[in-house]
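Just so you know, these numbers come straight off a predicted model, no measurement behind them.
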Amino acid sequence: MYKEVCSALDDAGQDDSVLTVITGQGDYFSSGNDLNNALRAFKGSPDEMVKETSGVVRNFVCKVIDFPKPLVAMVNGPAIGIATTILGLCDLVYASDKATFNTPFSKLGQHPEACSSYTFPRIMGLSKATEVLLFNKTLTAREACNVGLVTEVFPDATFKKEVWSKLIDYATLPKNCLALSKQLIRKVEKEKLHAVCEREFELLNTRAYSDDAINAVQRFFQRKSQL
């Protein structure tokens with residue numbers, strides 16, 4: 001899935017479109033990473049599995065950091081894990097009032113990714129970012145907008161209609177002008193974002209089979225089996 005998204009971003013970055021939109025299908029924007037991957041059969045050592053998996057996700061994050069055009073997220077429903085953290089790298093984030101934002105990393109013995117350890121404190125302040133990233137605080141769409149993660153919130157019943165009306169209007173603007181202006185705004189941060197991304201995945205790799213992580217995933221599947 002990550003590879004397909006990366007391929008789609010490559011295509012979108014090179015085509016004639018003025019901007020690119022990412023959104024979800026169905027009730028969720030995205031439920032985040034599938035923890036069943038931790039249990040799947042893999043030919044090779046655990047370290048090799050971790051490196052392969054994290055490499056694919058890191059590549060996705062880097063594609064978003066380097067994306068040349070305005071990147072707009074239309075958050076149509078709940079966003080969990082990386083589906084929330086990646087929003088800090090998008091240029092605009094529009095949300096349905098039914099959307100929620102949650103990063104349950106500590107519950108799963110994991111750590112922030114998608115540069116959120118850097119972008120979230122910058123966007124929403126250190127105290128609120130700590131509450132979200134460390135203590136699993138779920139934000140409503142309005143709360144996410146109030147702290148700066150979301151650009152604007154729309155009623156769910158008119159969400160698609162209102163946002164697409166905006167985007168169609170934006171698409172009439174000069175393509176090269178928007179792309180160059182985005183690069184001007186983002187250029188200073190790019191090197192920093194790549195360095196942060198690298199540090200985050202170094203920590204995730206070294207902690208993938210820690211007691212915290214293993215016990216947390218086991219508890220997750222135990223709770224799931226009881227539902």
Note, S30 side chain near I82 side chain (heavy atom, < 4.5 Å) | no

- Task: Spell out, yes or no, whether V150 and W164 are grouped together once hydrophobic residues are joined by side-chain heavy atoms under 4.5 Å, including indirect joins.
- Result: no

Legend entry - Stepwise side-chain contact (heavy atoms from CB on, under 4.5 Å) test for E162 and E152: CA-CA 11 Å; E162 291 193 61; E152 190 173 352; 5.9 Å; no

Counting C-beta onward and ignoring hydrogens, is there a side-chain heavy-atom pair between L180 and L184 closer than 4.5 Å?
no

- Under a single-linkage definition using a 4.5 Å side-chain heavy-atom cutoff for Ile, Leu, Val, Met, Phe, Trp and Tyr, are L89 and Y118 assigned to the same hydrophobic cluster? yes

Determine, step by step, whether T20 and V72 satisfy the side-chain contact (heavy atoms from CB on, under 4.5 Å) criterion, reporting the C-alpha distance in whole Å, the side-chain angles of both residues, the deciding distance to 0.1 Å, and the verdict. CA-CA 6 Å; T20 297; V72 182; over 6 Å; no

**OP:** Begin from the C-alpha positions of E200 and R58 and carry the test salt bridge (Lys or Arg N to Asp or Glu O under 4.0 Å) through to its verdict.
**Re:** CA-CA 9 Å; E200 288 175 344; R58 183 169 60 243; over 6 Å; no

| query | So does R122 pair up with E189, basic N to acidic O under 4.0 Å? | reply | yes

Minimal heavy-atom distance between L71 and K182, with the atoms involved, is N-NZ, 4.1 Å

### Task
Could you check R142 against D97 for salt bridge (Lys or Arg N to Asp or Glu O under 4.0 Å), going step by step and ending with a plain yes or no?
CA-CA 7 Å; R142 295 292 177 192; D97 60 7; 5.2 Å; no

Rounded to the nearest 0.5 Å, the NZ atom of K3 sits from the SG atom of C6 at a distance of 10.0 Å

Taking every heavy atom of A141 against every heavy atom of A95, the minimum-distance pair comes out as CB-CB, 4.3 Å

So, R199 and E202, do they make that salt bridge, N to O below 4.0 Å? no

Taken to the nearest 0.5 Å, the spacing of S54 OG from N205 CG works out to 3.5 Å

For L9 and F67 the tightest heavy-atom approach is O-CE1, 3.2 Å

Distance col, row K190:NZ vs Q183:CD, nearest 0.5 angstrom, shows 6.0 Å

Run the numbers on K137 and L139 for side-chain contact (heavy atoms from CB on, under 4.5 Å), then give the verdict.
CA-CA 6 Å; K137 165 74 173 176; L139 299 175; 4.0 Å; yes

Quick one: do K69 and D15 make a salt bridge, cutoff under 4.0 Å? yes

In this structure, would F120 and L134 fall into the same cluster of hydrophobic residues linked by side-chain contacts under 4.5 Å? yes

Using modelled atom types only, decide if a donor and an acceptor are shared between the side chain of S116 and the backbone of E113 within a distance under 3.5 Å. yes

Are Y94 and I22 in one and the same hydrophobic cluster, where Ile, Leu, Val, Met, Phe, Trp and Tyr link if side-chain heavy atoms are under 4.5 Å apart?
no

message = Would the distance check show the side chain of N102 and the main-chain N or O of N136 forming a donor-acceptor pair, the cut-off being under 3.5 Å?
response = yes

Is T119 close to L193 at the side-chain level, that is, under 4.5 Å between some pair of heavy atoms? yes

Quiz item: Just wondering, do V147 and I123 contact through their side chains at under 4.5 Å, heavy atoms?
Solution: no

In short, T23 meets F29 closest at the heavy-atom pair CA-CE1, 3.7 Å

Legend entry - Intermediate values then yes/no, side-chain contact (heavy atoms from CB on, under 4.5 Å), V21 and L19: CA-CA 7 Å; V21 180; L19 50 81; 3.9 Å; yes

Output for pair (L149 CG, L87 CG), nearest 0.5 Å, gives 5.5 Å

Is there a donor-acceptor pair under 3.5 Å between the side chain of T151 and the backbone N or O of V93? yes

Practice task
Would you mind reporting whether D91 and R186 have side-chain heavy atoms less than 4.5 Å apart?
Solution key: yes

Q: Salt-bridge test for K98 and D27: reply yes if a basic N is under 4.0 Å from a carboxylate O, no otherwise.
A: no

Can you tell me how the ring of F159 sits relative to the ring of F154, calling it parallel under 30°, perpendicular over 60° and tilted otherwise? tilted

Between P70 and L178 the two heavy atoms that sit nearest each other are CG-CB, 4.1 Å

Distance col, row E4:CD vs S7:OG, nearest 0.5 angstrom, shows 8.0 Å

Donor-acceptor pair, distance only, cut-off 3.5 Å: does the side chain of T130 make one with the backbone of L126?
yes

Less than 4.5 Å apart, side chain to side chain, heavy atoms only: is that true for F105 and T85? yes

Polar side-chain atom of T84 near backbone of A79 as donor-acceptor pair, under 3.5 Å
yes

_Please say yes or no: joined through hydrophobic side-chain contacts below 4.5 Å, possibly via intermediate residues, are M74 and V5 part of one cluster?_
no

Between C115 and V61 the two heavy atoms that sit nearest each other are SG-CG1, 4.2 Å

TODO: Return yes when atom OH of Y28 has more than 12 non-hydrogen atoms of other residues, nucleotides or ligands closer than 6.0 Å, and no otherwise.
DONE: no

Checklist entry - Does the T158 side chain pair with the main chain of K161, one donor and one acceptor, at a distance under 3.5 Å? => result no

Distance-only polar pair, side chains of N76 and S96, donor-acceptor under 3.5 Å
no

Checklist entry - Is a side-chain donor or acceptor of T138 paired with a backbone partner of F101 at a separation under 3.5 angstrom? => result no

Problem set entry | Student check: side-chain heavy atoms of P121 and K128 closer than 4.5 Å | no

